[in-house]
Amino acid sequence: MVICAAVAGAALAVALRVPPAAAALAGAALGAAAVGLELAVALGRDPAPATRGHPRDGGKLLDTSAIIDGRIADVVTTGYLEGPLLVPRFVLRELQRLADGADPLRRNRGKRGFEILKRLQDLRSVEIVEADVAGVSDVDAKLVELARQRGAHVVTTDYNLNRVAELSGVSVLNVNDLANALKPVVLPGESLRVQVLREGKEPGQGVGFLEDGTMVVVDQGRRLLGQEVAVVVTSALQTSAGRMVFARPRVDTDESGGRDA
C-alpha cells in the first residue's frame, strides 16, 4: 500500500507539474498512515468469533434427587462448582407434591429438598427458571430435553436419569460419581480397623464399613461379628454402587498399624 501510494503521488506530481520527489514522499506517508490505521482497527476487533465453534455452557440443572440428597450444597460451599445452579419450576412442583404427600417418608424427603434449596439461596448459588417443555409430562424427560435445548448439564444422583441423559447426548454431573472419586485409596497390604457388623453372602464372611461408607468384606470374619478387628486389605473393587474392599483378619506376622473405620 505504501509503494502504491508513492507511485500515485509521483504520477499526480507530473500531472500537476510539482516536484515528483516531494509528491512521492507525501504519497508514501499517506500510505503508511493508512496501513497503521488498518492495523489498529484489526487489533481492536473482538476475538470472540474465533471461539464460536466451542459449545456453549447453558448452566447446571438440578434434579429432585440431587436436591434431596443435599451434598450438592456442601460442594457449592467448598467453591469447587462454578456458576449458579438452575432449578426449573417443574422440579419445584415435584418437590411440593412430595412435601404435601400422605406418605411420611416422601413428605420428609420433600421438606428436606426445600431446606436444601433455602441453604443454596442463602449461598446465592441457585436460580429458579420458568422454562418448561411443551408436550412432555414426565419430570425427568422434561429435565433432559430442557438441558439439551439450553446446552446445560444435568446434576443428579439418579442412576437411571444419568443413563437416559447420556444416551440423549446431555452432559451429566453425578454427585455419587464425585463422592466415589474422592474416597481414600485403599491398597492391597494396607491395614485397617473395622467393626464386623453382619454376615457376608459367602460362607464364613463378615461385613463392616469404613467411615465413608465403603463396604469391607472380611474373609473368615463371621466368627468376629460385633467385634472391632484389625484387617489386611487383599483387594479392592470399584462398582457402579461404590467401592468394595476385601480383607482378611490381621495376624501378628502382618505389618503393624492401621486406619480406623
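Since we're looking at a predicted model, the values are computed, not measured.
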Within the distance-only criterion (no hydrogens, no angle test), does the side chain of [X] pair as donor or acceptor with the backbone N or O of [Y] below 3.5 angstrom?
| X | Y | result |
| --- | --- | --- |
| K60 | E82 | yes |
| R107 | G101 | yes |
| T214 | D212 | no |
| N180 | N176 | yes |
| R112 | I68 | yes |
| R243 | A181 | no |
| Q149 | L146 | no |
| R89 | I128 | no |

Take a 6.0 Å sphere around CZ of R163 and say whether it holds more than 12 heavy atoms from other residues, nucleotides or ligands. no
Which heavy atom of [X] sits nearest to which heavy atom of [Y], and what is that distance?
| X | Y | result |
| --- | --- | --- |
| I72 | A66 | CG2-O, 3.7 Å |
| A230 | R193 | CB-NH1, 3.7 Å |
| R248 | T234 | CG-CG2, 4.0 Å |
| D140 | D138 | N-OD2, 3.2 Å |
| H153 | S171 | ND1-OG, 2.8 Å |
| P249 | D219 | CD-O, 3.1 Å |

Side-chain heavy atoms under 4.5 angstrom apart, residues restricted to Ile, Leu, Val, Met, Phe, Trp, Tyr: same cluster for [X] and [Y]?
| X | Y | result |
| --- | --- | --- |
| V144 | Y159 | no |
| L178 | V172 | no |
| L182 | L81 | yes |

Validation row: [X], [Y] side chains within 4.5 angstrom (heavy atoms):
| X | Y | value |
| --- | --- | --- |
| E199 | L225 | yes |
| V126 | P84 | no |
| V170 | R148 | yes |
| F209 | Q195 | no |
| L117 | Q121 | no |
| L197 | V207 | no |
| L192 | V232 | no |
| L161 | L143 | yes |

Can you tell me how far [atom2] of [Y] sits from [atom1] of [X], rounded to the nearest 0.5 angstrom?
| X | Y | atom1 | atom2 | answer |
| --- | --- | --- | --- | --- |
| R97 | L92 | CZ | CG | 11.0 Å |
| L98 | F114 | CG | CZ | 8.5 Å |
| N174 | S65 | CG | OG | 8.0 Å |
| T157 | L173 | OG1 | CG | 12.5 Å |

Show your working on side chain to side chain contact (heavy atoms under 4.5 Å, CB included) between V245 and V194 and close with a plain yes or no. CA-CA 11 Å; V245 174; V194 62; over 6 Å; no
For the pair L61 and V155, evaluate side chain to side chain contact (heavy atoms under 4.5 Å, CB included) and give the outcome as yes or no after the intermediate values. CA-CA 6 Å; L61 293 169; V155 182; over 6 Å; no
Assess whether side-chain hydrogen bond (donor to acceptor under 3.5 Å, both in side chains) is satisfied between T156 and D63, documenting all intermediate values. CA-CA 6 Å; T156 185; D63 88 320; 2.9 Å; yes
Between R109 and D103 (salt bridge meaning N to carboxylate O under 4.0 Å), is one present in this structure? no
Salt-bridge contact K142-D132 (side-chain N to carboxylate O under 4.0 Å): yes
I would like to know whether L95 and K111 meet side chain to side chain contact (heavy atoms under 4.5 Å, CB included); could you show each step before the answer? CA-CA 8 Å; L95 280 176; K111 290 179 179 179; over 6 Å; no
Across all chains, not counting sequence neighbours, the salt bridge (charged side-chain N to carboxylate O under 4.0 Å, His left out) partners of R71 are D69
